[in-house]
J.: 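Dropping a structure here in structure tokens format, bear with me for questions.
FYI, side chains are in, hydrogens and waters are out, and symmetry mates aren't considered; it's all heavy atoms of this structure. Below, chain A is the first sequence line, B the second, and so on; all start at residue 1.
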Amino acid sequence: MRASQFLISTVKETPSDAEVISHQLMIRAGLIRKVASGLYNWLPLGLRTLRKVERIVREEMDNAGAMEVLMPAIQPAELWQESGRWEQYGPELLRVNDRHNREFCVGPTHEEVITDLIRREIKSYKQLPANFYQIQTKFRDEIRPRFGVMRSREFIMKDAYSFHVGQESLQQTYDVMHTAYSNIFNRLGLDFRPVLADTGSIGGAKSHEFHVLASSGEDDIAFSNSSDYAANVELAEALAPAGELAAPTQEMVTVDTPNAKTIEELVNGYNQPIEKTVKTLIVVAAEECEAEFIALLVRGDHELNEIKAEKLPQVASPLQFATEEQIRAVVGAGPGSLGPVNLPIPCIADRTVAKTSDFSAGANIDGKHLFGINWGRDVELPEVADIRNVVEGDPSPDGQGELVIKRGIEVGHIFQLGQKYSAALNAEVLDQNGKTVVMDMGCYGIGVTRVVAAAIEQNHDEGGIIWPESIAPFNVALIPLNYDKSEEVKTLADQLYQDLRAAGYDVIMDDRDKKTSPGVKFADMDLMGIPHRVVVSPRGIEAGTLEYKGRRDSEKQDVAIADLLQVLAEKSSR
RNA sequence: CGGAGUGUAGCGCAGCUUGGUAGCGCAUCUGGUUUGGGACCAGAGGGUCGUAGGUUCGAAUCCUAUCACUCCGACCA
């Protein structure tokens with residue numbers, strides 16, 4: 001591509017509304033432009049990278065035996081009503097009506113459509129297992145789109161769905177997809193980790209997320225420091241502390257604490273160690289539960305894990321905190337003075353709380369706390385469960401080492417759905433015995449547009465983007481100096497442009513007019529992240545050399561004109 | 001959804017307090033000089049000041065409504 005015939009839309013100034021580096025650089029390098037909140041145009045430069053990501057994903061999916069299909073973005077409400085998600089999904093599902101006032105949604109995912117398709121097409125166990133994928137535009141009406149294309153409302157996703165008779169077959173394909181995903185992210189040049197994950201609103205049994213490690217990530221991942229255990233903190237199990245509950249050493253006393261409404265004020269104002277404090281969170285109880293509310297006890301320095309709490313049979317799903325009025329009506333004291341002693345509603349204690357002695361908590365009287373509380377002596381130990389987020393230093397759930405917490409960007413997610421959708425939509429086949437069985441399903445997603453942002457988040461410097469070779473919009477930036485003035489430069493540059501393209505490189509030759517100074521060309525090519533730069537100059541020609549510089553190199557080097565292809569072949573990891 | 005903030009030229013911003021008919025930098029266009037790290041000179045084009053009402057002789061500026069965008073929060077015991 002000649003730069004003079006390509007839209008290069010670089011900007012010097014950092015856009016004021018872009019917070020994370022990938023968003024800033026995607027705008028500055030001219031990859032994307034915002035149309036409205038969470039909606040983006042992809043400019044020619046950005047699209048080149050997007051297409052390369054898609055190509056790698058497609059190749060690896062094909063290699064893994066999946067078949068490409070294409071489903072509509074707009075889906076009929078009936079299918080979603082059949083699965084039950086028309087009611088469950090909430091406002092993130094964009095619902096639209098057609099001219100006949102029939103209801104549709106813009107697809108955030110395609111379980112319903114694919115299941116409907118396959119229940120019509122596949123009738124026999126002999127056709128299974130089968131795995132179908134598409135690369136297609138999705139829409140999720142996010143509460144708060146942000147970080148550019150990282151959390152946009154419309155985005156491109158590779159979604160795949162596999163169909164099976166039996167869990168064993170599902171597990172096999174799941175493993176194949178796990179491997180395929182690792183191959184994909186390796187080829188994309190990303191530093192990633194597969195981690196155990198919660199299945200969330202999609203539903204199902206077993207699941208792994210693939211995270212690109214980056215400080216700007218929105219998810220916390222727990223890693224063991226001495227094994228390969230890795231899990232989303234939403235899921236990572238917080239083990240009970242080792243050892244027995246310590247015997248009481250303090251009497252329980254009631255203390256006036258008019259200024260302590262929070263754990264922090266209790267710790268600072270009354271000299272209580274934070275690991276000897278317990279906070280009491282009141283949530284709405286599940287319908288089948290006798291009580292209206294449930295109290296959840298978590299140590300002062302720990303955080304409630306809402307997903308774990310939601311899974312408790314006594315707790316209403318989705319999790320809902322009681323309002324202050326509700327708390328006052330039931331307990332007689334306000335938030336800030338709550339505790340397990342003399343609490344008129346059922347409690348569930350976190351495992352760590354259950355192993356804490358001599359602790360302090362609210363007295364269920366405004367402005368009073370109890371210090372030196374001990375289980376058994378002062379109040380019966382209630383039901384115990386794992387309801388908190390793991391923290392750094394916790395023992396690893398696999399029994400090996402301690403946990404370290406890092407931030408990650410979720411770029412892929414694989415699930416074993418089981419029969420959640422196939423049962424709801426009656427997706428059945430005949431097995432070997434001629435008996436009707438419900439198919440098992442797996443589903444496998446990759447956020448293609450998000451991958452582009454994640455790659456930048458992980459690969460950049462002050463000068464701009466540094467693309468991994470495999471997804472760079474161009475591999476080589478060929479920069480002729482004095483292209484308009486020197487016949488020798490023009491001849492050689494044109495020749496090299498032909499040669500490089502013939503050798504299979506995506507090359508952009510910066511032949512922009514003489515008003516575009518060399519400095520501008522260097523800065524633009526750096527910002528755009530082109531991995532290899534070759535400069536053709538009159539003084540180089542005189543010496544019979546070209547100048548080569550890799551995007552990550554600090555020094556440039558001269559190479560003989562005749563050696564260019566060989567040097568590039570060595571430098572590039574295509 | 002709750003809270004805060006911002007809308008003035010393609011981009012980044014000033015002007016608003018104290019009302020008098022819009023300005024700066026970058027970008028763009030023309031001509032010229034430059035040409036190895038975001039050049040210089042001269043000239044030019046481009047804005048119904050988010051929208052709609054109101055106050056006023058007069059509104060970017062004051063008032064009301066509305067729309068859009070951005071940020072923060074949705075863990076409080």
J.: Nearest nucleotide by nearest heavy atom, which residue falls closer to the 5' end of RNA chain B, A:Ala523 or A:Asn482?
T.: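 Counting from the 5' end, the first nearest nucleotide belongs to A:Asn482.
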J.: Please work out if A:Arg33 contacts a base, only the sugar-phosphate, or nothing of the nucleic acid, heavy-atom cut-off 4.0 Å.
T.: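 If one applies the 4.0 Å heavy-atom cut-off, A:Arg33 turns out to touch nothing in the nucleic acid.
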J.: Is the shortest side-chain N/O distance from A:Thr14 to OP1 or OP2 of B:rG12 below 4.0 Å?
T.: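 No, no such contact exists.
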J.: What nucleic acid atoms does A:Val11 come within less than 4.0 Å of, heavy atoms only: base, sugar-phosphate, or nothing?
T.: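 Counting heavy atoms under 4.0 Å across all strands, no contact is made by A:Val11.
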J.: Below 6.0 angstrom between ring centroids: does that apply to A:Phe359 and A:Trp375?
T.: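 Ring centres of A:Trp375 and A:Phe359 closer than 6.0 Å.
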J.: Just name whichever nucleotide pairs with B:rU28, Watson-Crick or G-U, keeping both distances under 3.5 Å, else none.
T.: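 Across any shown strand, B:rU28 pairs with B:rA44.
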J.: Under 4.0 Å from OP1 or OP2 of B:rA74: is there any side-chain N or O of A:Arg144 that close?
T.: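 It does not, given that no N or O in the side chain of A:Arg144 lies less than 4.0 Å from OP1 or OP2 of B:rA74.
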J.: Can you tell me the pairing partner of B:rA4 across any strand shown, Watson-Crick or G-U wobble, with both distances under 3.5 angstrom?
T.: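 Matched B:rA4 with B:rU70 under the 3.5 Å cut-off.
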J.: Is the distance from OP1 or OP2 of B:rU70 to the nearest side-chain N or O of A:Lys34 less than 4.0 Å?
T.: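 Yes, within the criterion.
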J.: Only pairs with both distances under 3.5 Å count, Watson-Crick or wobble alike; so what is the partner of B:rU61 in this structure?
T.: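 Matched B:rU61 with nothing under the 3.5 Å cut-off.
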J.: Mind checking if A:Glu306 touches a base, just sugar-phosphate, or nothing, with heavy atoms under 4.0 Å?
T.: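 Here A:Glu306 touches the bases of the nucleic acid.
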J.: So, is A:Ser16 close to the B:rC13 phosphate, meaning a side-chain N or O under 4.0 Å from OP1 or OP2?
T.: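 Checking B:rC13 against A:Ser16, a side-chain N or O does come within under 4.0 Å of OP1 or OP2.
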J.: Using OP1 and OP2 only, check whether a side-chain N or O of A:Ser517 sits under 4.0 Å from B:rG38.
T.: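 Result: no.
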J.: When you compare B:rA60 with B:rC13, how far apart are their C1' atoms, in angstrom units rounded to a whole number?
T.: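 Those two atoms are separated by 15 Å.
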J.: Working to the nearest 0.5 angstrom, can you tell me the gap between A:Thr254 OG1 and A:Lys368 NZ?
T.: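 The distance works out to 7.5 Å.
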J.: Using a 4.0 Å heavy-atom cut-off across all strands, classify A:Ile479 as base, sugar-phosphate, or nothing.
T.: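 The answer is nothing, as A:Ile479 stays clear of every strand by at least 4.0 Å.
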